[in-house]
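Lettering follows sequence order; numbering is per chain, from 1. None of the values given here were measured: they were computed from a predicted structure.
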There are 2 protein chains.
Amino acid sequence: MISDNKNKLSDRKKLILKAIVDAHIANGDPVGSKLLTRNELISCSSATIRNEMAELESMGYLEQPHTSAGRIPSEAGYRFYVDWLLDRYNLTRAEIDELKNSLQKKQSELDSILQSALAVAAKLTNYTAISVRPKIEKITVSRYELMRLDDYSSMLIMLVGGVVKTKYLRSNTVISSEATHALAMILNMYAVGLTASDFTMPLIMEMEQHMGNYDFLVSPVVKAICMTLSEFDGGDLKIEGVNKLLSYPEFYNLERLREMLMLFEKKDDLLEIFSGKPTEPEKVQVYIGKENLVKVMDNSTLIFKAITNDGKTVGAIGVIGPTRMDYKRVIATIDNVANGVSAALESNNSKKDI
Amino acid sequence: MISDNKNKLSDRKKLILKAIVDAHIANGDPVGSKLLTRNELISCSSATIRNEMAELESMGYLEQPHTSAGRIPSEAGYRFYVDWLLDRYNLTRAEIDELKNSLQKKQSELDSILQSALAVAAKLTNYTAISVRPKIEKITVSRYELMRLDDYSSMLIMLVGGVVKTKYLRSNTVISSEATHALAMILNMYAVGLTASDFTMPLIMEMEQHMGNYDFLVSPVVKAICMTLSEFDGGDLKIEGVNKLLSYPEFYNLERLREMLMLFEKKDDLLEIFSGKPTEPEKVQVYIGKENLVKVMDNSTLIFKAITNDGKTVGAIGVIGPTRMDYKRVIATIDNVANGVSAALESNNSKKDI
DNA sequence: CATTAGCACTCTTGTTGTTCAAGTGCTAAA
DNA sequence: TTTAGCACTTGAACAACAAGAGTGCTAATG
């Protein structure tokens, strides 16, 4: 019986088990009897706790890695914890919003091709592959719609560069449908054809004036617009095959590996490297070690090539790896992949023309 | 002057430098004078090589990690190697084919949503996120086109489940355009509405008979068709945020990390785990440690939830991490993400209905 | 009878010292 | 100019050892 299972443990044992699992989840270290005495819910001495822990161990809920370490939960311990001791957790608003927004996002044609190209580049070269779409200047919204979902939330729909972008909005107060309409009108009146930096304070104040009682809506919406614009033209960076790093003894070193992953996580530096260089677009670029100017890449080589469409550079694709890299294979591969992506884009163009 | 640079080194120095770089690229170890004497192009003793190496080092092309190790190329050494000593490498046919095929691939609606959902799941939970589309039975091609590109290559275009799939084909002999046409006709005659397992040997032989002199074309094309079908319905598995593993001391162990990455690489096992379980689709599933049956995951926890569309399970999304996992947060997050994806799919349905 | 204090015991971790193998630099001879 | 030989340097691997942390057990206490 399930309820049998639940009541197998005394309340104090449950408390101690829960405390141990919680502490272990938080720290990762085995937890000893002394540590638990600090827990306010547990009001007995370390010796008592030790006795209880010994019993929990013999029941199979705890184990000790070695004699002189603390206890860690066994799998059965985790199972009991998950089934009976778990608190409920509710996502924060910020988390929910992030979730909703990301599910709205649509990939562009180029993004989709880059994704495939990256996967094949990583596979063929056996190095971590990276692609970027550089910043596009002067991206603007050509039309706004505002869709009211309920009293507290709406969807901002923008036509930007021929593509529909949506942004989920939420307020703490009730927004009437009149307010929604008014805001949409104001946006189409004032904010069409503007780049992110065109949204100046005077402009925002003028919009607020026109909104009357609903002036407080303007600034968060403008923020959302600017975020969308910057996310759209703020060059996107994709990475594939981080695990390839592990294949090389150069990165078989956790400190180094972690630094590299931090670099991938942050993306800014890489974006700059790929975008900023005065590249000859028709050639594969090779940057070795300190030529990369970013400290973390002191011992790494970056090999990439620009992707062109209609004669213009629209991105770049390449790999990153140890300076000890199989240059001749990688250079040839990246050359071909970049050309392939460019060709795929061109063929799309011609399809559109017909 | 560039040519100056090229001739800064004597031919023997170039030979030795190239040999050192090649050897170091291959092994990763510092290379000593003795090893180089085995190179057939170098016909002098280790002592001579040592002298040359000492000179190359003083010129800045080599360095030694410590006195008693061999030499490794410096950045300048790599630079010289890349600029002047590199052999040309041509991609193999297999590599070129793989490249072309992967650039043709189109993502489905579900794939695109899953991609976004994965990214946000990995970010919110801070664990590695995984999604699967399970096998779809009975997927068939409803129409074939064959586009001749040149004497040796064609594009096989298939309409499968309402989606266009293409496959790049190449032969060693010249294929006339008549042959291409005949093949396309035969395919549409015999091979429409068949699943991969419907392609039996007798059928293939019958098709070959109708192809006359071009019978040798049938079997490779059928292979390509079957590959496409299996790739289409063979459940797809995506992974995001492998680097998150590094955040946890449990994986701060290169052996463990590598095993996990191998698991991600192979995908088969994971696919089975996600797909095979008799899940209650409305609940978040938690598998702890050995409950996972796959050896590598002995110390890991898998948390996932099914994604439904129109009442049917169309996939699953979840995370994998150490058994010491922040269960309450992860369970809540996965619950929300999976629901979000399901909802996004449903809303697409209703759009289509209108 | 449950709880607690105290102490001896166990086991890991980090440090130190030593040996071993690898590869160099230099000198003298060919 | 090239080669052989030898002394020297240095990191990696391994064993010995001290320190620290946490337990289990026993005896005392409310």
Side-chain angles (χ1 to χ4, degrees), chain A residues 9-17 19-21 23-24 26-74 77 249-250 252-256, chain B residues 9-17 19-21 23-24 27-74 77 249-250 252-255:
Chain A
L9 298 183
S10 71
D11 282 350
R12 191 169 66 187
K13 280 205 182 59
K14 278 186 202 161
L15 203 61
I16 290 178
L17 179 56
I20 290 176
V21 176
H24 184 61
N27 312 324
D29 301 324
V31 12
S33 54
K34 202 168 183 182
L35 188 73
L36 289 183
T37 56
R38 278 184 233 146
N39 187 317
E40 287 134 15
L41 296 172
I42 301 175
S43 51
C44 48
S45 76
S46 63
T48 313
I49 295 174
R50 276 203 291 282
N51 289 332
E52 292 284 45
M53 287 192 338
E55 276 188 67
L56 280 168
E57 183 176 356
S58 75
M59 294 169 85
Y61 293 115
L62 295 178
E63 24 188 70
Q64 18 181 202
H66 55 267
T67 319
S68 75
R71 301 295 211 295
I72 59 173
S74 69
E250 281 85 346
Y252 218 82
N253 160 321
L254 287 163
E255 212 33 63
R256 184 90 192 281
Chain B
L9 299 183
S10 72
D11 283 351
R12 190 168 67 188
K13 281 204 181 61
K14 280 185 201 160
L15 203 61
I16 290 177
L17 179 56
I20 291 175
V21 176
H24 183 62
N27 312 325
D29 302 324
V31 12
S33 53
K34 203 168 183 180
L35 187 74
L36 290 182
T37 56
R38 279 183 233 147
N39 187 318
E40 287 134 15
L41 296 172
I42 300 175
S43 52
C44 49
S45 78
S46 64
T48 312
I49 294 173
R50 275 203 293 281
N51 288 332
E52 292 283 44
M53 286 189 345
E55 277 188 65
L56 280 168
E57 184 177 355
S58 74
M59 295 169 83
Y61 293 114
L62 296 178
E63 27 187 69
Q64 16 180 205
H66 54 266
T67 320
S68 74
R71 301 295 210 297
I72 59 173
S74 69
E250 281 86 346
Y252 218 82
N253 159 321
L254 287 163
E255 212 33 65

Grab the [atom1]-[atom2] distance between [X] and [N] for me, whole Å please.
X        : N       : atom1 : atom2 : answer
Asp29(B) : dT24(C) : CG    : C1'   : 17 Å
Glu52(B) : dG23(C) : CD    : P     : 19 Å
His66(B) : dT10(D) : NE2   : C1'   : 6 Å
Ile49(A) : dT3(C)  : CD1   : P     : 11 Å
His24(B) : dG23(C) : NE2   : C1'   : 16 Å
Ile42(A) : dT3(C)  : CD1   : C1'   : 15 Å

Can you tell me how far the [atom1] atom of [X] sits from the [atom2] atom of [Y], to the nearest 0.5 Å?
X        : Y        : atom1 : atom2 : result
Tyr61(B) : Leu9(B)  : OH    : CG    : 5.0 Å
Leu15(A) : Cys44(A) : CG    : SG    : 8.5 Å
Ser10(B) : Ile16(B) : OG    : CD1   : 7.5 Å

Show every donor-acceptor pair shorter than 3.5 Å between a side-chain atom in residues 30-38 of chain A and any protein atom, with sequence neighbours excluded, or say none if there are none.
from     : atom 1 : to       : atom 2 : distance (Å)
Ser33(A) : OG     : Arg50(A) : NH1    : 3.2
Thr37(A) : OG1    : Lys34(A) : O      : 2.5

Option from Glu57(B), Glu52(B), Glu55(B) for which salt bridge (charged side-chain N to carboxylate O under 4.0 Å, His left out) with Arg71(B) holds: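 Among Glu57(B), Glu52(B), Glu55(B), the one meeting salt bridge (charged side-chain N to carboxylate O under 4.0 Å, His left out) with Arg71(B) is Glu57(B).
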Between the protein and nucleotides 20-27 of chain D, list the N/O to N/O atom pairs that are separated by less than 3.5 angstrom.
from    : atom 1 : to       : atom 2 : distance (Å)
dG22(D) : O4'    : Ser68(A) : O      : 2.8
dG22(D) : O3'    : Ala69(A) : O      : 3.4
dT23(D) : OP1    : Ser33(A) : N      : 3.3
dT23(D) : OP2    : Ser33(A) : N      : 3.4
dT23(D) : OP2    : Ser33(A) : OG     : 2.8
dG24(D) : OP1    : Arg71(A) : NH2    : 3.0
dG24(D) : N7     : Arg50(A) : NE     : 3.3
dG24(D) : O6     : Arg50(A) : NH2    : 3.4

side-chain contact (heavy atoms from CB on, under 4.5 Å) partners of Thr67(B), counting only residues at least two apart: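 side-chain contact (heavy atoms from CB on, under 4.5 Å) check on Thr67(B) returns nothing, list empty.
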